[in-house]
Asks: 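Got a structure for you, questions after.
Every chain is numbered from 1, with letters handed out A, B, ... down the list of sequences. Remember, it's a predicted structure, so these values are computed and weren't measured experimentally.
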There are 2 protein chains.
Amino acid sequence: MESPTSLTHGAYAELRSELLACNFAPGEKLKIDDLCRRFAVGSSAVREALSRLASEGFVVSEPQRGFRVAPLSVDALRDLTDVRCSIEALCLRGAIEKGGLEWQSQVVAALHRLTHTPVWADKAARRYSNEYARAHETFHEVLAAGCGSPWLLHLRAVLFNHSARYRWFTGPLSKVDRDLDKEHREIAEAALLRDSERAVALMNAHLQLTAKIVLDAVSSEREPAARSSRAKPGKAHAPDGPNLKRKRITASA
Amino acid sequence: MESPTSLTHGAYAELRSELLACNFAPGEKLKIDDLCRRFAVGSSAVREALSRLASEGFVVSEPQRGFRVAPLSVDALRDLTDVRCSIEALCLRGAIEKGGLEWQSQVVAALHRLTHTPVWADKAARRYSNEYARAHETFHEVLAAGCGSPWLLHLRAVLFNHSARYRWFTGPLSKVDRDLDKEHREIAEAALLRDSERAVALMNAHLQLTAKIVLDAVSSEREPAARSSRAKPGKAHAPDGPNLKRKRITASA
DNA sequence: ACTTTGGAAATTATGCATTTTATATTGTAA
DNA sequence: TTACAATATAAAATGCATAATTTCCAAAGT
């Protein structure tokens, strides 16, 4: 992990993981000089990393005007979730149809690891632990991998990573108690029993519930009781992005 | 088309269109200096363009070893085609369900333009005309756009563009006579009649036939008088991952 | 025949010059 | 005095040329 083959790739990987973890606020300006100092690399490396991230959709590039963190929006989350349900369903059906013993074993292993990894790094602050995030990612990855289609898995990974931004963004805000272990276990059981319909239904419910929690958290933060008037002080900073202006999610801290 | 907002974006667009048209042979080394001279820009712009294209999977980046044109392979084409069938089906069903009058009108218009655009720029050499390629792209684009899902349309576009490399690669080799106009017309008719099952079935046949023509052309070129052997090695990795070596398609010219 | 060593070429990284954009200041008019 | 506008200053992004590693290729030596 600490041996990136080039400075450019190292900067890319670091910046990407920080973006996925929402360490940068959506819509925030990404100044090249700041990033140069932060990662101790030249501007070429930073620019190249930003270009790649832009083509992946994690940052937006405004010509002659630099780069910004890609915005989050409730509309985009709804769309993303629906599409992700469709793609995960394709993966799951394929995996259940074609998955062999190797797949089954990996699913069992990934489930075990997931259910035995502590969820919270800081229970009070409700911050997800990196280990749990990792285990969660590999569980879903392994579950889908059985379909054996590189392209389908690639599309799935793209959607998963974009969902991750929303998940991390609202992680600490989550106030709903849900039995994540049970959800994951039931999905895995249905898949291993080759019950496609049930597995897909459970997966869809799983994804939609996660999205609903994020959406509820955002809307309750926007209009709790019209009390928080200090939510957006002077630096209101409403950059007119090219698309998805409506209902944009902004950072609250 | 002649007003790219920056040199970088201009170089990116040009190089991309040349890659899609297979003006560079798959697997070919892309030397930065050559590209600098060819596009009359600095190495920064070229490097940035290559980075973006790498993250889109059109070129592969080998650390400390530069960039190469992403390889083509029969396994990748088979997988790509299957996934594309699934995604186009999702778009089509969504469009048929949600598409309104505006969508219908655009489909009719795109079909008209498509069927009235000459297919070949050079009949003897069987080279597709750029106008036809454009009309063909917008027809499929418009047909899918009715679903109204930005993410789904994005995934569709990614797959379409990657298919384009295979299409252009084998364009001049195509020896099969097919009634493309009829295929497109029947798809559009079924969609406008809201016959999802028929539309999807026709679309799948359309895509699979196109792929089959490419595969036949390649195999007949490789082993002119031998039967096509269908092997399925299992270690095909993601498009931006390590390249798949087996059964790679190389340039014959 | 195989390994080692040398040189050439290409990629990678950095710093600087140029051009564009954003901000602040000042001046003018209502 | 306030509001608006034009200019000037500052900051940032873009592009390029050069420097420094690394890799590749070939020739020489064991």
Asks: Under 4.0 Å from OP1 or OP2 of D:dG15: is there any side-chain N or O of B:T8 that close?
Replies: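 True: B:T8 side-chain N/O within range (under 4.0 Å) of D:dG15 OP1/OP2.
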Asks: May I ask you to check whether B:E56 and B:Y12 show a side-chain donor-acceptor distance below 3.5 Å?
Replies: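 A donor-acceptor contact under 3.5 Å links the two side chains.
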Asks: Taking the minimum atom-to-atom distance to the side chain of A:K31, which one of D:dG15, D:dA12, C:dT11 wins?
Replies: D:dA12
Asks: Using a heavy-atom cut-off of 4.0 Å across all strands, would you classify A:L30 as base, sugar-phosphate, or nothing?
Replies: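 A:L30: backbone/sugar contact only, no base atoms under 4.0 Å.
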Asks: Please check the phosphate of C:dA22 (OP1 and OP2 only) for any side-chain N or O of A:R65 closer than 4.0 Å.
Replies: yes
Asks: Tell me yes or no: between the side chains of A:T117 and A:R134, is some donor less than 3.5 Å from an acceptor?
Replies: no
Asks: With a 4.0 Å cutoff (strictly under), does any side-chain N or O of B:K29 reach OP1 or OP2 of C:dT11?
Replies: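 For C:dT11, OP1/OP2 do have a side-chain N/O of B:K29 under 4.0 Å.
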Asks: Taking atom NZ of A:K212 as the centre, does the number of heavy atoms from other residues, nucleotides or ligands within less than 6.0 Å exceed 12?
Replies: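 12 or below, so no.
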Asks: Whole angstroms only, please: what is the CG-P distance between A:D34 and D:dA13?
Replies: 9 Å
Asks: Could you tell me how far apart B:R37 (CZ) and D:dG15 (P) are, to the nearest whole angstrom?
Replies: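 So the two atoms are 19 Å apart, to the nearest Å.
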Asks: Quickly work out the A:I32 CD1 to C:dT20 P distance and round it to whole Å.
Replies: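 Roughly 17 Å, once rounded to whole Å.
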Asks: Ring of B:F160, cation from B:R167 - is the NZ or CZ under 6.0 Å from the centre and inside 45° of the axis?
Replies: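 Output yes; distance and angle both within limits.
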Asks: Where each residue is assigned the nucleotide of DNA chain C containing its nearest heavy atom, which of A:P63 and A:S43 is assigned the position nearer the 5′ end?
Replies: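 Checking each residue's closest nucleotide, the 5'-ward one belongs to A:S43.
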Asks: Tell me the interatomic distance from B:L7, atom CG, to C:dT19, atom P, rounded to whole angstroms.
Replies: 12 Å
Asks: Rounded to whole angstroms, how far apart are CD on B:E48 and P on D:dG15?
Replies: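 To the nearest whole Å, that distance equals 8 Å.
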Asks: As a test of reading the structure: which of D:dA12, D:dG15, C:dT11 is closest to the side chain of A:D33, going by heavy atoms?
Replies: D:dA12
Asks: Nearest to the B:Q64 side chain among D:dA17, D:dT23, D:dA12, which nucleotide is it?
Replies: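 For the B:Q64 side chain, the nearest candidate turns out to be D:dT23.
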